[in-house]
Amino acid sequence: MVSCKRVLCRICIIPAVIIFLSAQAFSFSASMPTQKVSWRIQARQVSYEDKRKLYIAENDVVITGGKTRLEADYVEFSDITKEAFAKGNVLFISGKDTITCTSMNINLNSETGTINQGTIFIQDNNYYISGETLRKTGEFTYDAEKGSITTCEGKTPDWKITGKDIEVTIDGYGHASHAVLWAKKMPTLYAPYFLFPAKTTRQTGLLLPMAGYSDNMGFEYQQPLFLALSDNTDATLYPYYMSDRGVMLSGEYRYILSPESKGIMMMSYLEDKTVGDDTNENQDYNISATPDRTNHDRYWFRMKHDQELWYGFDAKLNIDYVSDMDYLRTFTDGFAGFDSTDDAFEDMFGRDLDAETDYTRENSLVVTKNWFSYGLNIEALWYDNIKARRTDIDDTTLQTLPSVEFFAARRKIAGDSGLYYKMDSEFTSFYRQDTTDTAVTGQRADLHPIFYYPIKFGKAFFIEPYAGVRGTVWNTDDFTDSDGDDADTRTRGLYEMGMDLSTSLSRVFTLDADFAEKIQHKIVPGLAYDYIPSVDQEDLPYFDAVDDISEENIITWSLTNTFTSRHTITDENGQESRTYKELLWFSLSQGYDIRYERDGDDADEDPWQDLTLKYELNPLKYLRSDGTIAFDPNTSHFTKIQVGGMVSDNRGDSLYMSYRYSKSYSHTWKTKLSTNLVPDTLGAYYSIEKDLEDRKTVETGVGISINRPCWGLNLAFTDESADKSFAFMVILKGIGGFGTK
């Protein structure tokens with residue numbers, strides 16, 4: 001059964017009619033140059049009527065001045081009233097906008113006038129506003145007794161919206177009574193009253209509404225209100241009515257204090273009529289696999305802020321606090337939903353939110369300072385465990401309050417020693433709201449410098465040995481190890497060492513082909529050794545991976561191949577430029593664990609690690625592929641295969657296929673075929689994803705899209721294992737769209 005999806009209607013009309021008619025522009029006399037514009041009249045006959053003080057031009061009249069041009073069969077201009085009257089094939093051009101009509105009368109002082117049986121064309125948005133009688137009632141205001149608006153060309157446009165008593169204020173709003181949407185000559189939708197924004201600058205006012213219906217929400221209506229508070233601050237209110245849930249009130253406040261200091265703060269609140277327990281009445285109002293929701297008060301506060309501090313310090317604040325585990329997955333869509341909030345944060349800060357399915361939400365404050373080769377990070381990190389908070393269970397979530405990290409990027413030690421070093425150091429204070437015998441609180445200090453000595457032998461070989469030490473100190477509360485030792489302070493010291501050996505071989509081949517004149521093949525064989533001794537760490541507390549450093553004694557070989565093309569392009573001026581493209585890159589690597597030889601029959605693992613192939617293939621403009629393949633030589637089985645690729649053509653047709661196999665997780669095949677049946681006009685796609693392990697179809701999708709110069713149509717049907725859905729969207733270019741989502 002096709003599920004009832006949310007129906008969203010979104011309509012926006014933004015006409016921008018700016019026709020500037022100054023008094024000087026039409027004030028000319030027989031000797032008529034003005035201070036700013038000199039007007040020129042061309043016509044088969046020009047006369048002056050002294051009684052009415054009128055200039056009269058007839059037959060092929062053309063009046064030009066500045067960026068304004070008026071063409072008509074007959075024109076009268078009064079030098080006293082500053083009124084111009086034109087009739088017969090009237091064409092008025094002002095800047096990029098034009099008016100065509102049978103006749104027009106404009107008072108150039110008041111910039112008001114009447115246009116009879118005319119059309120106003122605004123080039124910026126490709127708008128056509130037509131009517132039997134159009135009136136210019138002010139510098140930026142228009143109205144029509146009976147009029148229409150469209151972005152389509154022709155006497156019978158593909159679509160138009162007609163209405164009575166249409167009024168439009170540029171940088172304000174427009175409205176029409178008895179509005180009707182027409183498809184060609186067929187009426188399709190009717191609205192008794194239609195309000196639309198006509199803004200070209202940032203102003204306080206209503207934004208596009210959104211209305212619809214869904215099974216869980218009932219009838220829905222969202223009407224955002226934008227508030228332009230100042231030049232660098234604004235806010236938006238999002239009242240959201242749901243007949244089955246209540247009224248959700250949301251607000252968003254945005255501010256820019258400087259180029260590096262800015263923020264967004266958002267809050268939503270709903271007194272929900274429903275709960276999400278497992279009773280028959282309410283079982284549809286909670287997300288499966290989450291605890292029953294019994295709260296009526298539902299809210300979500302989120303905020304991100306960047307702040308430029310003194311002396312080169314910067315701060316980043318992230319807050320994400322939600323009432324219950326179901327909220328973010330229930331209210332995903334809409335103006336203040338999860339998706340739009342996540343997009344806004346990503347656009348402004350380059351940082352997104354945790355996934356809507358994450359029930360532990362990150363809140364953090366990070367202060368940073370960077371020098372040429374050094375950096376300082378001070379971080380307070382709090383994870384809000386929603387499940388623990390709502391179900392009143394012990395919350396052992398690990399919090400960082402705070403962490404101080406000082407690091408040095410790789411750099412050369414002063415002098416001629418040839419040594420390089422890098423360093424990581426940190427002091428972290430860990431906190432848990434509730435503790436257990438093993439989940440404790442405490443502090444940790446860690447210092448980890450590494451030294452490198454790169455050596456180059458001739459032009460071919462490169463060798464780089466390295467050595468590092470690591471010292472760590474813990475101070476914990478109420479921690480007792482397996483031996484019964486409850487000492488507060490514990491230490492660990494270890495070292496690491498290794499070496500990288502590589503060489504580079506290359507050769508250039510001359511092809512003189514259309515796509516490349518030369519191709520360079522570069523081969524980089526490498527050998528690496530990494531060693532970390534075995535250190536007893538059973539008596540140490542565990543907070544994160546730093547507390548349990550695994551033993552290593554591994555040799556890894558690698559072989560990397562790169563094919564790069566060179567092509568020379570000559571422009572129209574005869575200037576040559578060279579372009580380079582990586583056609584193919586692939587790398588084979590495998591590690592060998594020496595511990596196996598040492599431990600013999602007591603070894604935990606086989607010595608040879610997975611043979612791994614990684615590749616990127618991009619030989620032609622319309623062919624690309626990439627993937628990772630891992631093979632276990634000990635069992636002769638693949639442990640991981642992730643490959644995908646696309647073949648396309650210059651029409652836009654494409655075939656995408658991907659294969660995913662993981663020993664522990666999944667085994668799927670996905671195919672998507674997209675085609676331009678009529679290039680740039682009619683397209684279609686078909687997709688299918690199969691679970692090869694369970695031998696079932698996970699998802700099937702089919703869709704079609706129509707793209708016309710002034711409108712578009714998207715239809716899609718999706719058949720998932722647990723649901724079927726149909727979606728459509730009608731797009732009126734320059735106006736907006738409506739449909740289901």
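Throughout, numbering of the chain's residues begins at 1 and tracks the sequence. The model shown is predicted, which means the values in this text are computed figures rather than measured ones. Just the heavy atoms: all of them, side chains too, but no hydrogens, waters or symmetry mates, feed the values below.
In the model, T290 has a side-chain atom that pairs as donor or acceptor with a side-chain atom of D326 under 3.5 Å. Checked by atom type, the side-chain pair D143/T137 shows no donor-acceptor distance below 3.5 Å. When only modelled atom types and interatomic distance are considered, S250 and Y269 share no side-chain donor-acceptor pair under 3.5 Å. Under 3.5 Å, the side chains of S648 and S654 contain no donor-acceptor pair of N or O atoms. Side-chain N/O atoms of Y240 and E220 include a donor and acceptor closer than 3.5 Å. The closest side-chain donor-acceptor pair between K164 and S177, if any, does not fall under 3.5 angstrom. A side-chain N or O of W182 and one of T162 form a donor-acceptor pair less than 3.5 Å apart.
Using a 4.0 Å cut-off between a side-chain N of Lys or Arg and a carboxylate O of Asp or Glu, D272 and R245 qualify as a salt bridge. Using a 4.0 Å cut-off between a side-chain N of Lys or Arg and a carboxylate O of Asp or Glu, D234 and R254 qualify as a salt bridge. Here R69 pairs with E71 in a salt bridge; the nearest charged N to carboxylate O distance falls below 4.0 Å. No salt bridge links K672 with E689; every basic N to acidic carboxylate O contact stays at or beyond 4.0 Å. The pair D244-K273 does not count as a salt bridge, with every side-chain nitrogen at least 4.0 angstrom from each carboxylate oxygen.
Atom CD1 of I120 sits about 13.0 Å away from atom OH of Y128, to the nearest 0.5 Å. In this structure, CG in D352 is found 10.5 Å from CZ in F345, a value given to the nearest 0.5 Å. Annotation: the span from M303 atom CE to I264 atom CD1 amounts to 10.0 Å, rounded to 0.5 Å. Distance OG/S148 to CG/L181: 12.0 Å, rounded to 0.5 Å. Within the model, atoms CD of Q642 and OG1 of T668 stand 9.0 Å from one another, a figure rounded to the nearest 0.5 Å. Expressed to the nearest 0.5 Å, how far CG of L715 lies from CZ of F717 amounts to 12.5 Å.
None of T98, L70, I99 except one satisfies the side chain to side chain contact (heavy atoms under 4.5 Å, CB included) rule with I93; the exception is T98.
Proximity of a side-chain donor or acceptor of D649 to a complementary backbone N or O of D653 within less than 3.5 Å is detected. In terms of modelled atom types and a separation under 3.5 Å, the side chain of S340 and the main chain of G334 share a donor-acceptor contact. With hydrogens and angles ignored, the 3.5 Å screen pairs no side-chain donor or acceptor of N105 with any backbone N or O of G113. With hydrogens and angles ignored, the 3.5 Å screen pairs no side-chain donor or acceptor of T233 with any backbone N or O of L229.
Using a 30° and 60° split on the angle between ring planes, Y327 and F331 fall in the tilted class, from 30° to 60°. Taking the six-membered ring where the residue is Trp, Y659 and H667 present perpendicular rings, their angle passing 60° and hence far from 30°. Using cut-offs of 30° and 60° for the angle between ring planes, the Y238 and F335 rings count as parallel.
Here the shortest heavy-atom pairing between S243 and F219 reads OG-N, 2.8 Å. When all heavy atoms of R660 and V643 are compared, the pair lying nearest together is NH1-O, 2.9 Å. Y686 and T700 make their closest contact through CE1-CG2, 3.8 Å (heavy atoms, listed as atom of the first residue, atom of the second, distance). The two atoms that bring R361 and A355 nearest to each other are NH1-O, 2.6 Å, heavy atoms only. The shortest heavy-atom contact between M266 and E252 is CG-CG, 3.7 Å. Of all heavy-atom pairs spanning G263 and F349, the tightest one is CA-CZ, 3.6 Å.
Counting heavy atoms of neighbouring residues, nucleotides and ligands inside a 6.0 Å radius, atom CG of D354 exceeds 12 of them. For E346, the CD atom counts as densely surrounded, since its 6.0 Å shell holds more than 12 non-hydrogen atoms of other residues, nucleotides or ligands. No more than 12 heavy atoms of other residues, nucleotides or ligands lie within 6.0 Å of CD in E693, so this atom counts as exposed by the packing criterion. The neighbour count for K146 NZ, taken as heavy atoms of other residues, nucleotides or ligands under 6.0 Å away, does not exceed 12. Dense packing is recorded around CG of D343, with more than 12 heavy atoms of other residues, nucleotides or ligands lying under 6.0 Å away.
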- Message: Quick one, E145 with R135, criterion side-chain contact (heavy atoms from CB on, under 4.5 Å). Give me CA distance, side-chain angles, the key distance, then yes/no.
- Response: CA-CA 9 Å; E145 294 180 359; R135 288 184 296 271; 3.5 Å; yes

- Any chance you could lay out the side-chain hydrogen bond (donor to acceptor under 3.5 Å, both in side chains) test for Y580 and H567, step after step, and finish with the verdict? CA-CA 7 Å; Y580 297 87; H567 184 55; over 6 Å; no

- Begin from the C-alpha positions of I256 and M348 and carry the test side-chain contact (heavy atoms from CB on, under 4.5 Å) through to its verdict. CA-CA 11 Å; I256 298 178; M348 189 166 184; 4.1 Å; yes

- Worked check of side-chain contact (heavy atoms from CB on, under 4.5 Å) between T151 and W159: CA-CA 8 Å; T151 58; W159 67 266; 3.2 Å; yes

- Message: Under the criterion side-chain contact (heavy atoms from CB on, under 4.5 Å), I'd like the reasoning laid out for V698 against K670: C-alpha separation, chi angles, the key distance, then a yes or no.
- Response: CA-CA 9 Å; V698 177; K670 185 175 183 179; over 6 Å; no

- Message: Is there a ring pair (Phe, Tyr, Trp, His ring centres under 6.0 Å) between Y299 and F301? Walk through the geometry before answering.
- Response: CA-CA 7 Å; Y299 50 84; F301 178 77; 9.9 Å; no

- Task: Dump the intermediate steps for side-chain hydrogen bond (donor to acceptor under 3.5 Å, both in side chains) on T697 and K690, then the final yes or no.
- Result: CA-CA 4 Å; T697 300; K690 286 186 171 292; 2.9 Å; yes

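The shortest side-chain heavy-atom distance between T579 and I569 falls under the 4.5 Å cut-off. By the 4.5 Å heavy-atom criterion applied to side chains, E699 and D719 are not counted as neighbours. Side-chain contact between D306 and R351 is present, with heavy atoms from C-beta onward closer than 4.5 Å. Looking at N116 and T133, their side chains come closer than 4.5 Å, going by heavy atoms from C-beta outward. Counting only heavy atoms from C-beta outward, the side chains of D320 and L353 approach each other to under 4.5 Å. In this structure, W669 and M657 have side chains that are in contact, with non-hydrogen atoms separated by less than 4.5 Å. Within the 4.5 Å cutoff, no side-chain heavy atoms of N618 are placed close to those of L583. You'll find the side chain of T681 reaches within 4.5 Å of the side chain of R708, heavy atoms only.
W300 carries R302 over the face of its six-membered ring, with the cationic atom under 6.0 Å from the centre and within 45° of the normal.
Y241 and Y221 have their aromatic ring centers separated by at least 6.0 angstrom. Taking the six-membered ring for Trp, H305 and Y255 have ring centres closer than 6.0 Å.
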